Each structure stands twice: as C-alpha cells, then as structure tokens.
2 protein chains.
Amino acid sequence: MAQNKKTDFSGIDQEMANFAKALSHPARVAIIKILAEQNSCICGEIVEVLPLAQSTVSQHLKELQLAGLVKGTVDGKKSCYCINWETMQQSIQQFNGLLNSLNERKTFSCC
Amino acid sequence: MAQNKKTDFSGIDQEMANFAKALSHPARVAIIKILAEQNSCICGEIVEVLPLAQSTVSQHLKELQLAGLVKGTVDGKKSCYCINWETMQQSIQQFNGLLNSLNERKTFSCC
DNA sequence: TTTATTCATCGTATATTTACGATATTAAAT
DNA sequence: ATTTAATATCGTAAATATACGATGAATAAA
C-alpha cells in the first residue's frame with residue numbers, strides 16, 4: 001500500500017488489528033465456528049460446508065494459523081485443524097479488554 | 001477479487017466479519033480508542049496524533065462511519081466525530097457472543 | 001506397483017485497501 | 001472581499017486480499 005504505516009502504531013493496537021483482521025472475512029468466522037462446535041477437529045469437511053474452492057479454504061486456514069488462532073497437524077492423508085486455545089484465549093481477552101473499556105467510557109455522544 | 005463470495009455466507013457471519021474488518025487496521029483501533037477516551041468528540045486532533053496524512057485519516061474515519069461505529073457532524077469549519085454507541089454496543093454484544101460461545105466450547109485441542 | 005484421495009502450494013487474475021498529494025468546499029478571520 | 005484554516009473528496013500508485021484451477025506431494029487403497 002504505497003507504504004506500510006501499520007508498524008508506526010502501538011504494539012497493542014497492532015495486535016488488536018491483527019486479531020480483527022483474522023476474523024474480517026465471513027469464511028474465517030465460519031471456519032472458527034465450525035472448529036469450535038466440533039471438539040474433534042475437522043479437515044476437508046470444512047471444504048464441503050463452505051461455498052469455496054478447496055484451495056481457497058486452505059488459504060483461509062493458513063491465515064488463521066498465521067494469526068495463531070488455529071493449529072493443524074497432518075494425519076495420514078488427511079489434515080486435522082483445531083482451535084489454538086492458548087492464543088485464542090489471549091486474543092479474546094485482549095480484545096474484550098478493548099471492548100469493555102469502550103463500554104465503560106460510554107457517556108453521551110456529542111454528535 | 002475475481003468474484004465476491006462473501007454474500008454466500010450467513011448474515012451473522014457477514015456482520016461479524018464486517019465489524020472485525022472495521023477494526024482490522026491499527027489506525028482505526030487507535031481512532032476508536034481516542035474517541036472513547038475523550039467524551040467531547042474530536043476532529044482534526046486525531047490527525048495530529050496519528051502518523052498518517054490528513055486525507056488518509058479522513059478515509060479511515062469514513063470507513064468507521066460506514067461500519068456504523070462512528071458518527072460525525074460538521075461544526076463550523078471543523079468536523080466533530082464520536083462513537084455511535086447504539087450500533088457500537090450492538091456490534092460489541094454480537095461479537096462478544098461469538099467470543100463467549102468459543103470460550104464455552106473450549107475443551108481439549110486434538111492437535 | 002498403480003491408482004485414487006486428500007490436501008498444500010503455485011501461478012495468476014481481479015478486487016480491495018492503504019496511502020498520499022492535489023484540489024474543492026465551507027466557514028471563520030482579517 | 002480576501003485570506004486562512006479545517007476537512008472532505010478525487011485521482012492515483014502500490015500493496016494486499018480473495019478466488020480459482022492446475023499441479024505436486026504424500027499416504028492409503030487396489
């Protein structure tokens with residue numbers, strides 16, 4: 001983007017934004033929901049459920065992994081994904097912290 | 001993006017993703033924080049604080065408005081922005097709903 | 001061993017985002 | 001009336017994101 005100014009912001013703001021970015025596509029929201037619902041982790045079943053090509057789903061999974069929200073292992077010729085609860089919990093708490101502090105600040109709106 | 005598949009997902013997932021997308025850039029996280037901290041709403045002071053050009057900040061503000069998280073009014077030759085608490089609250093609750101349901105599901109991670 | 005299955009990765013096209021400077025607009029100040 | 005100040009918008013360049021088909025790699029099945 002002509003220049004990347006993202007790193008000029010505070011570390012916390014960057015982390016918040018990264019977490020939000022990971023969930024900024026409905027496919028990734030859907031994937032997270034699916035993984036949370038099934039306590040046994042799924043693999044290509046995700047592909048069947050989503051209206052996307054297999055390669056596209058793989059791509060979204062990769063992004064979720066990169067954000068630390070999901071981890072995966074290879075199991076035979078199948079791939080098994082599940083939520084990375086350690087980092088997910090951390091991210092959720094951090095993000096909830098922001099949302100709650102917003103709610104606390106809630107006063108009047110001057111405009 | 002060759003095709004937009006986002007509308008093929010459930011309305012809720014789309015809303016979640018939209019909310020997340022609004023906060024998927026550190027500049028917008030920072031703006032929201034600033035607006036929440038000052039109960040009197042600010043305008044171009046945001047520009048002074050952020051490491052971005054005035055036009056870029058305007059653009060980010062516009063996106064936040066489009067997502068319904070911020071509203072603004074013109075006040076003389078200045079512009080006044082503040083958080084749109086009605087929709088913000090709604091979005092927060094919806095998003096918290098997702099995050100909480102994830103936490104409830106939290107069992108073991110099979111991989 | 002050959003074939004089929006499951007998935008990741010590559011290449012690529014298109015859409016969107018990010019960022020800025022330049023310009024337009026509007027109102028206050030002179 | 002002119003100038004200054006505060007912002008929004010336009011145009012545009014560059015970076016990213018989204019999506020897919022094709023291909024590759026690895027295992028299971030035949």
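Within every chain, numbering begins at 1; the chains are lettered A, B, ... in the order of the sequence lines, protein sequences first and strands thereafter. Both backbone and side-chain heavy atoms feed into the values below; hydrogens, waters and symmetry mates do not. Everything numeric in this text was worked out from a predicted model, so none of it was measured.
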| Taking atom CD1 of A:Ile34 and atom CD1 of A:Ile42, what is their separation to the nearest 0.5 Å? |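 Output value for this atom pair is 7.5 Å.
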Side chain to side chain donor-acceptor pair (under 3.5 Å) partners for [X], two or more places apart:
X: B:Lys106; answer: A:Gln89
X: B:Gln94; answer: B:Glu15
X: B:Glu86; answer: none

Ignoring the backbone of [X], work out which of [options] is nearest its side chain.
X: A:Asn4; options: D:dT16, D:dT18, C:dT18; answer: D:dT16
X: B:Lys5; options: D:dA6, D:dC20, C:dC7; answer: D:dC20
X: B:Ala53; options: C:dG21, C:dA8, D:dA6; answer: C:dG21
X: B:Ser58; options: D:dT9, C:dA8, D:dC20; answer: D:dT9

Nearest-angstrom distance from the residue atom [atom1] of [X] to [atom2] of [N]:
X: A:Lys6; N: D:dA14; atom1: NZ; atom2: P; answer: 18 Å
X: A:Leu50; N: D:dC20; atom1: CG; atom2: P; answer: 11 Å
X: B:Lys78; N: D:dT4; atom1: NZ; atom2: P; answer: 18 Å
X: B:Leu66; N: C:dT17; atom1: CG; atom2: P; answer: 10 Å
X: A:Gln3; N: D:dA13; atom1: CD; atom2: C1'; answer: 12 Å
X: A:Ile46; N: C:dC7; atom1: CD1; atom2: C1'; answer: 12 Å
X: A:Phe9; N: C:dA19; atom1: CZ; atom2: C1'; answer: 11 Å
X: A:Gln65; N: C:dT9; atom1: CD; atom2: P; answer: 9 Å

| Is there a donor-acceptor contact under 3.5 Å from the side chain of A:Thr87 to the main chain of A:Gly68? |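 Answer holds: yes.
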[X] side chain N/O closer than 4.0 Å to the phosphate oxygens (OP1, OP2) of [N]?
X: B:Thr56; N: C:dA19; result: no
X: B:His60; N: C:dT17; result: no
X: A:Tyr81; N: C:dA8; result: yes

| task | Would you check if A:Ile46 and A:Leu35 make a side-chain contact, meaning some heavy-atom pair closer than 4.5 Å? | result |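 In short, these two side chains touch, coming nearer than 4.5 Å.
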| query | Does B:Asp13 reach the side chain of A:Val29, with side-chain heavy atoms less than 4.5 Å apart? | reply |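 Yes. Closest side-chain heavy atoms under 4.5 Å.
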| said: Quick check: any donor-acceptor pair below 3.5 Å linking the side-chain of A:Gln59 to the base of D:dA19? | reply: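 Counting by modelled atom types and ignoring angles, a donor-acceptor contact under 3.5 Å is found here.
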| For B:Glu63, which contact category applies under a 4.0 Å heavy-atom criterion: base, sugar-phosphate, or nothing? |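 The residue B:Glu63 makes sugar-phosphate contact but no base contact.
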| task | Could you tell me whether B:Leu52 contacts a base, only the sugar-phosphate backbone, or nothing, with contacts defined as non-hydrogen atoms closer than 4.0 Å? | result |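 The answer is sugar-phosphate, as B:Leu52 gets under 4.0 Å only of primed atoms, P, OP1 or OP2.
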| query | Under 30°, 30 to 60°, or over 60°: which ring-plane class applies to A:Phe19 and B:Phe95, parallel, tilted or perpendicular? | reply |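 Aromatic pair A:Phe19/B:Phe95 classed perpendicular.
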| Which residue pairs pass the salt bridge (Lys or Arg N to Asp or Glu O under 4.0 Å) test with at least one member in residues 91-103 of chain A, sequence neighbours excluded? |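 Applying salt bridge (Lys or Arg N to Asp or Glu O under 4.0 Å) to every pair that reaches into residues 91-103 of chain A, excluding sequence neighbours, yields nothing.
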| query | With a 4.0 Å cut-off, would you call A:Glu63 and A:Arg28 a salt bridge? | reply |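 Salt bridge present between A:Glu63 and A:Arg28.
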| field | Reading 5' to 3' through nucleotides 22-30 of chain D, protein heavy-atom contacts under 4.0 Å coded B for base, S for sugar-phosphate only, - for none | value | B----BS--
| query | For DNA chain C, which residues in residues 13-23 of chain B have a heavy atom at a distance below 4.0 Å? | reply |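 Correct list: B:Lys21.
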